[in-house]
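Order of the sequence lines sets the chain letters (A, B, ...), proteins ahead of strands, with each chain counted from 1.
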Amino acid sequence: MERVMMKGNEALAEGAIRAGCRFFFGYPITPQNEIPEYMARRLPEVGGVFLQAESEVSAINMVYGAGGAGARVLTSSSGPGISLKLEGISYIAGAQVPCVIVNVARGGPGLGGLTPSQADYFQATKGGGHGDYRLLVYAPGNAQEMVDLMGLAFDKAEEYRNPVMILTDAIMGQMMEPVVLPPLRTVTAEQPWATTGKQGRKKPNLINSLGIVGEELERINIELQAKYDRMAAAEARYEADGTAEADLIVVAYGTSSRVARSAIARLRQEGKKVGLFRPVTLWPFPQAVLASLAADGKRFLVVEMSAGQLVEDVILAVNDRAKVSFFGKLNGTVPTVREVYDRIRSLLPEGGEG
Amino acid sequence: MERVMMKGNEALAEGAIRAGCRFFFGYPITPQNEIPEYMARRLPEVGGVFLQAESEVSAINMVYGAGGAGARVLTSSSGPGISLKLEGISYIAGAQVPCVIVNVARGGPGLGGLTPSQADYFQATKGGGHGDYRLLVYAPGNAQEMVDLMGLAFDKAEEYRNPVMILTDAIMGQMMEPVVLPPLRTVTAEQPWATTGKQGRKKPNLINSLGIVGEELERINIELQAKYDRMAAAEARYEADGTAEADLIVVAYGTSSRVARSAIARLRQEGKKVGLFRPVTLWPFPQAVLASLAADGKRFLVVEMSAGQLVEDVILAVNDRAKVSFFGKLNGTVPTVREVYDRIRSLLPEGGEG
Amino acid sequence: MAKITIDEERCKGCELCISVCPKKILGLAERINSQGYHFVETKGEGCIGCAFCARICPDVVIEVYK
Amino acid sequence: MAKITIDEERCKGCELCISVCPKKILGLAERINSQGYHFVETKGEGCIGCAFCARICPDVVIEVYK
Amino acid sequence: MKKIFAYPRALTQKRTHYCPGCTHGIIHRLVAEAIDDLDIQERTIGIAPVGCAVLAYDYFDLDFQEAAHGRAPAVATGIKRVHPEAIVFSYQGDGDLASIGMAEIIHAAARGEKITVIFVNNTVYGMTGGQMAPTTLPGQKTTTSPYGRDTATVGYPIRVCELLATLDGPAYLARVSVHDPAHIVRAGKAIRQAFAMQMAGKGFSLVEVLSSCPTNWGMTPVQALSWIKEKMIPYYPLGVFRAPEEVTGDDV
Amino acid sequence: MKKIFAYPRALTQKRTHYCPGCTHGIIHRLVAEAIDDLDIQERTIGIAPVGCAVLAYDYFDLDFQEAAHGRAPAVATGIKRVHPEAIVFSYQGDGDLASIGMAEIIHAAARGEKITVIFVNNTVYGMTGGQMAPTTLPGQKTTTSPYGRDTATVGYPIRVCELLATLDGPAYLARVSVHDPAHIVRAGKAIRQAFAMQMAGKGFSLVEVLSSCPTNWGMTPVQALSWIKEKMIPYYPLGVFRAPEEVTGDDV
Amino acid sequence: MTYEIICAGFGGQGVMLIGQLLAYGGMLEGKEVTWFPSYGPEMRGGTANCSVVVSDQPVGSPVVAEPDGLIALNGPSLMRFMGSVKPGGVIVYNASLINEVPEDRPEVRLFGIAANELAEKLGNDKVGNMIALGAFLGLSKVVGLASIEAALKEVLPERRHHLIPLNISALHKGWALVEG
Amino acid sequence: MTYEIICAGFGGQGVMLIGQLLAYGGMLEGKEVTWFPSYGPEMRGGTANCSVVVSDQPVGSPVVAEPDGLIALNGPSLMRFMGSVKPGGVIVYNASLINEVPEDRPEVRLFGIAANELAEKLGNDKVGNMIALGAFLGLSKVVGLASIEAALKEVLPERRHHLIPLNISALHKGWALVEG
Ligand SMILES: Cc1ncc(C[n+]2csc(CCOP(=O)(O)OP(=O)(O)O)c2C)c(N)n1
Ligand SMILES: Cc1ncc(C[n+]2csc(CCOP(=O)(O)OP(=O)(O)O)c2C)c(N)n1
Ligand code: SF4
Ligand code: SF4
Ligand code: SF4
Ligand code: SF4
Ligand code: SF4
Ligand code: SF4
Ligand SMILES: [Mg+2]
Ligand SMILES: [Mg+2]
């Protein structure tokens, strides 16, 4: 199969088109501009619509409209823009509208910088907008996964009628890697629940998240929570590389997982038993697997480009059954292979902390 | 001292004025409208400025401007509006601008409803806007604390140059209770770091959160994290009612803590040993105290009006040293005293699960 | 000859129809409906079917026949 | 009699000043500055101190004396 | 006898939650009548705002989406781009459209987005209890302008039709009122015209309707209609602000 | 010999990060000259936008706040309300002001907020690499209108001065250009006028400056200036769109 | 002692006001009190209710689920809340709008007053709520009449203070009904 | 085997392009590759660099901290990166802009070429980057010349394809310098 070199951002965009996405609404922001720019060129070629919205707020509400109308629709942004989209994301989750949202994360807080970051993990997996809602969150580990998880994202969004987020970072989005592209899919915008005009239906379709009477809102939330439980049971994904035989397991995703992989490769050459656990879904977090690894007596090192976010989920999963160490790089900087290598070494039996 | 009946929202507003707050920028949203309406009447009386912004986005950026200019400034909103403010909040945190933000939480997600909720806990304490930032988060337990914590909020905001959030809910904001008001304070807007025009200073003052070069952003973040560490060490607050002798400790804040208090009162009348642990700061979370209670062999019941958010912090604090049960009411409904009473009973030795 | 019908339960007693009826034949009833409103009723004869009342009624209480 | 001074290190070699000088006495140097730009230099005499060059320079490279 | 004024088909039978005498109800009916008239019920999609009309979807027998406060034009854009053959309209209040949603309405208009906007200007935030709106008149008291709107500190009301008329995108812009039966008839025609414009693919259409809020104005419904006539219309002149040639002569 | 053209005091010595020939630099200098001229450096507070001018605070020797993208007018409002005696200005690009920040600029203008806005219209998003802006000309190619701006699908450019001129709040609105020395002089006067207006407490003032982006237009700096003259000015006519009587006759 | 009350009725009948008076009056007597409102989705009209708690101790939940006392000014409110009143509790309802009591509650004290007609007799059809409150106070004695009278000054906006005497007569009228 | 390269220079000197060619060429040879760009805060001009990894195995970190090879087209870049090159590594630098090598690195192969002058001789002053790449390939042999030539078609946009022959000559010119 033919390999082509693509930037991660372009792989996401082409992956969406291959998955049948024909609508993109977004607003420029570095480091994800290749996505809208690619879409602007490419969507008209496949009969789709690219529209640059006047803001991220507007973009996410266009997505809400288009997704509610039954279409496969994508938007993408980074830190400040994702923050602006949160009201809309909460609406989309509450109204159970399928769509895919990409966050190519950059350093924060505030205006921050253009360098990669993993400090939007909480925002994607727990906090973010108001209310009890969940996104299915994928964290691709390479350009190929950018394509493949994008396809999955659209399918899952529709299956669960839930927004799906792809959380990646400036490095993953800007780097080029070879990818193999799947064939082009075409899907229709006809969903039985979507707004299309009544078209002979007895009951009009309604897309909303309003429960002005208390019990109505409780009903909505019970329905949502039941769905999240189903998702939690069925959708956790991860990559476990050498975790069974490992003494120490590094937990990392995205760019950190790649740096960790390089460090681990070096350590393995030296005969050390180090594994890599890479959550592919950040929500649902693959906690059962981690819990059982913890029960097997492993110890863990969480590497992330933040002050410590993923590490909370790891601790919650492991829940005092294993020791969890943390190596975080603050926003704006990426750990070097040597730093991670040194940190792992220091944790291994012969190392400092033992 | 004279007691006056005030709605929680009004107590917050008057509390702010007594604390020297002279600027309010906000946008109407139920169930917090009494705050801007009170401010609209009251601020002109004390020489302050009330301005209704065109949106929450604009309001929070006015706050950023006014706070950056050295003033004591307040804004308030609820779910959807707070979500819209998150980009601005991230900027304010990043630029280290003091201000106070009130969230009178209502049911979500999306448009949700007007009933109270505690499902914005994660948003306030972890997630929310992009990047690694923290708010100091107070959760008042009655109208008096609405006044008192508001005063503290302004002092702490200035002390740490950090945004402070008061997280309360529709019931706490709408209910009336007697309060005793502190005297009126007047403070100046003259902070050495604030924008005022150079006024003879050699170096201009700059309020920003930009670190376009990687290391600059890392420096900003290191400074922020060091501050958060100081805050975590010094600012945790809680109320512990009968926790030392308790068999079971209910952990709850805001409206849930009041319902729990009623249920506990009934149980105590029946001779049961039940305590109440009420975090007054949600961030920093008073985890050391909880950890030591856990070490003493207590068990815990977390009561909250959400699908389970505070409970994660309790588990993280307790970290498998104690059993943590959870009773959550989904958005839009408040647990009744009887429900909480029954749940506690079922957990007590003679009860079901025992 | 014209006449109107009034859906009493929908009426909120706002009196807008009363204010525009050129024949001044509308008025509020003594009784209230289940929403608690004194609803509108015709107090006299002479409806000309101008439909002013129906047109201004925010609650689509009135239909007009002619 | 007029003259201009050029802060070579600030110049980005955009040529805007060259394009507006009525006396056509400005041009780019062979050498580059530490930013990598060929900077502007006066290539001839006859400056009239019109300050067109200074006014259009986005990098405030030029000062004018008269 | 023939029924000459009937309950519109495009409305459900549900009773509204609006206050007695609130003209939101009249405007709903006019929209429904236009939809009936143009026979587009089966292909019309409405967008409800956040405002007193938040439950509009309960009253119209149409597919609907509930938009976030102010974002209805963006939601409408998303829908219309997916279903270009559908008739898409938003129904928005003055707080919704002219305050928080200002960027969205201007850009939808500038894009010439082929949607119809029903803009209900009642000079206040009705739903949230009568706060000041961008359209609150100078001196008008509201809960957030308790001393009366002071233009020196909070500025001047915004005339939305005049503002949008500076853009090239709109095909039809009109301001109407519903304070008496004659004006209601004209308002109905304008609304019909706006929908017709969309059906003809001409571009963005908006009808601003001067509407009452007796509750927050602190008046009886009847007084409120006089207030529209006496206070609002002088500040917000009625008329057509943009129309393709063929309709400029319309009596609206 | 006397120095007749000198480095302005209100600028720092720092070299800018702007592309060669980018007229942002000229506009910076004009602002600094106005501040020098009016002798207000010690009491002026600037708001930097998110856009190519994001680092403006490095170049002006003034107190500054960095605003979130599009929100500079709100930030300026917050500052001005705290320090009414200060001179507060924002410096914003066309993406910043006319796209994401549309609601903020309209409302600041409608409020008659006593601030000055320097609005740099270069028809593209410079900083992010040349995407379409609300001011991109019909047919103009950008990275997000790769086939040229198609007004049928993405609508028409927005003329900000004309739009704001429908409001009652602004005291001074002017559009100028910096494509040649003569126009630069006039632009400088307009900017000075806008600040003077604020000093006199007259209300909101805005100067729209037609500016080049050689990098994203794919032209040499010199070509870019011709493009302003030949393409932009016909679409964005220069002139004063609002002024108190005493300055209407200004030659700007 | 903790006493919990629900006041309910159509919007516009003044149930919020009598709840506030109860709470304010309680506070003036040195009690701990809370007042909490709850509205229906209607903008105006519809039904509304409020919870009031008067206690010797700090009040826990301000939301009353099982009241000691209920003032129901219309039918739907009586229907909705009467079943939750504690045994031994007090219910005052508006007999002007309620012809039939929907439920049999022998273990509570049930008292119907023709609030509308009585109010009209007092010359102002808006004070039915005060008459009901007076009756409720007479039966429950949860707060003294004098405290409610004092509370009127605090709760009513200045521009309504001329109505205080009227309100006081209505209170007394109600009290007299149950005393009588 | 994993080979890591940094290409660095002023913006506009074409360092991103030669990095992409290296990666693309590697891919065409069946290798795993990554390319990653890094820009300064300047909008245009300033310095820029990219990291390229060519490997037999899936690539871990795409950010190269200790390169095996460095192509430095200006002084600041050589200054910044030469110290991090691994012992045994290769450095090609642009002698047209660098008079003096800032550091002594006896354990690496250091090769200066007058890229600007050579490019001008080829008739297009933009191809200095290709000459440097050619030289680097000649020294490092990390990717074959033929693969780079094939990559040119993929990497250059269609409208620049007429420049491919010129670029190929520049590549060969550079290669010849180190062979010769
Ligand atoms: C983001 C957000 N901000 C604020 C609100 C609260 N809110 C609900 S309706 C409304 C204003 C409604 O006023 P208007 O649009 O004029 O409609 P009306 O009720 O007058 O018809 C506001 C501010 C909200 N729901 N969401
Ligand atoms: C919320 C948010 N959205 C998007 C961006 C990315 N962004 C930075 S600058 C810019 C556009 C700048 O264009 P303009 O305002 O025209 O200024 P110019 O660079 O052309 O001077 C954008 C979209 C951001 N930083 N924040
Ligand atoms: S149709 Fe005309 S005359 Fe008849 S009741 Fe209605 S308004 Fe009066
Ligand atoms: S206008 Fe309608 S709602 Fe109002 S009183 Fe008349 S019939 Fe009733
Ligand atoms: S001052 Fe005038 S004449 Fe002299 S160099 Fe500059 S542009 Fe040329
Ligand atoms: S205009 Fe300024 S930067 Fe441009 S070439 Fe002339 S002196 Fe240099
Ligand atoms: S509050 Fe005003 S706008 Fe809303 S329903 Fe009532 S009268 Fe109508
Ligand atoms: S990108 Fe355009 S606007 Fe930005 S600095 Fe370069 S030329 Fe100027
Ligand atoms: Mg309104
Ligand atoms: Mg621009």
- Message: Quick check: closest heavy atoms across Gly60(H) and Ser262(A), and the distance to 0.1 Å?
- Response: CA-OG, 3.3 Å

- Query: Does any heavy atom of chain H fall under 4.5 Å from the side chain of Val337(A), the backbone, both, or neither of them?
  - Reply: side chain

- Task: Measure across Val59(H) and Arg258(A) and return the closest heavy-atom pair with its distance rounded to 0.1 Å.
- Result: O-NH2, 2.7 Å

- Nearest heavy-atom contact between Arg3(A) and Met27(H) is NH2-O, 3.1 Å

- Task: Answer yes or no: does atom CD of Glu107(H) have more than 12 heavy-atom neighbours from other residues, nucleotides or ligands under 6.0 Å?
- Result: yes

- Query: Which heavy atom of Trp35(H) sits nearest a heavy atom of Gln174(A), and at what distance?
  - Reply: CZ3-O, 3.8 Å

- Query: chain A: which of Pro37(H), Cys50(H), Pro58(H), Ser38(H) shares the most heavy-atom pairs with it under 4.5 Å?
  - Reply: Pro37(H)

- Message: Let's test your reading of the structure: which of Arg261(A), Arg338(A), Met176(A) forms the most heavy-atom pairs below 4.5 Å with chain H?
- Response: Met176(A)

- Count the heavy atoms belonging to other residues, nucleotides or ligands that lie under 6.0 Å from CZ of Phe326(A), then report whether that count exceeds 12. yes

- Checking heavy atoms, do the side chain of Ala143(A), its backbone, both or neither come under 4.5 Å from chain H? neither

- Give a yes or no on whether Lys141(H) atom NZ has more than 12 heavy-atom contacts from other residues, nucleotides or ligands under 6.0 Å away. yes

- Message: With a 6.0 Å cut-off (strictly less than), is the heavy-atom count around CZ of Arg160(H), excluding the residue itself, greater than 12?
- Response: no

- Item | Region of Glu154(H) that comes under 4.5 Å of a non-hydrogen atom in chain A | neither

- Over 12 foreign heavy atoms within 6.0 Å of CD, Glu2(A): no

- Got more than 12 heavy atoms from elsewhere within 6.0 Å of NZ, Lys86(H)? yes

- Atom of Glu177(A), atom of Val33(H) and distance for their closest heavy-atom approach: CG-O, 3.4 Å

- Note on the structure: Scored by heavy-atom pairs under 4.5 Å with chain H, the best of Thr255(A), Ile171(A), Val340(A) is Ile171(A)

- Gap between atom CE of Met5(A) and atom OG1 of Thr34(H) - 0.5 Å precision: 7.5 Å

- Query: Is it the side chain or the backbone of Gln57(H) that comes within 4.5 Å of chain A heavy atoms, both, or neither?
  - Reply: neither

